[in-house]
Asks: 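One structure is given below, represented as structure tokens, and several questions about it will come after.
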Amino acid sequence: MGYDMDMGMGWMWLFWLLLIIGVALLAVVAVRAAGGGVTRGGGREVPREQSRARQVLDERYARGEISTEEYQERLRVLGGDA
């Protein structure tokens, strides 16, 4: 009878441990979702819906495919700071 009691307590500890880990992970996901953006290098915030478009624009400008004026105009259209 003592063996059965110890086995049940072991499963109970595992249950509570998994529950605590699950709640902690849920809190992390909720905080990240509430942040509203994706943090990229340097800690600057990039809105999710514009991050890919801005990245492509920055890459094209860095490769010299577009002029400074064209870069600034497209950046303004995207809603960024020119």
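If you're wondering where the values come from, they're calculated on a predicted model, not measured in any experiment. Values below: every heavy atom of this structure, side chains too, minus hydrogens, waters and symmetry copies.
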Asks: Should E65 and E59 count as side-chain neighbours, where that means a heavy-atom distance under 4.5 Å?
Replies: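 With C-beta onward as the side chain, the pair stays apart.
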
Asks: Side-chain contact test, heavy atoms from C-beta onward, threshold under 4.5 Å: evaluate it for V29 versus L25 and give yes or no.
Replies: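 Not in contact.
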
Asks: Check the hydrophobic clustering (I, L, V, M, F, W, Y; side-chain heavy atoms under 4.5 Å; chains of links allowed) and say if L17 and W11 are grouped together.
Replies: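 Different clusters: L17 never reaches W11 through Ile, Leu, Val, Met, Phe, Trp or Tyr contacts under 4.5 Å.
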
Asks: What are the two closest non-hydrogen atoms of L78 and L57, and how far apart are they?
Replies: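 Nearest pair, atom of L78 first, then L57: CD1-CD2, 3.9 Å.
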
Asks: Between T68 and Y61, is any side-chain donor less than 3.5 angstrom from a side-chain acceptor?
Replies: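 Side chains of T68 and Y61: pair found under 3.5 Å.
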
Asks: Linking I/L/V/M/F/W/Y whenever their side-chain heavy atoms sit closer than 4.5 Å, directly or via other members, would F15 and M12 fall into one cluster?
Replies: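 Yes, one cluster joins them.
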
Asks: I need the L75 CG to I66 CD1 distance, nearest 0.5 Å.
Replies: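 Taking CG in L75 and CD1 in I66, the distance rounds to 9.5 Å.
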
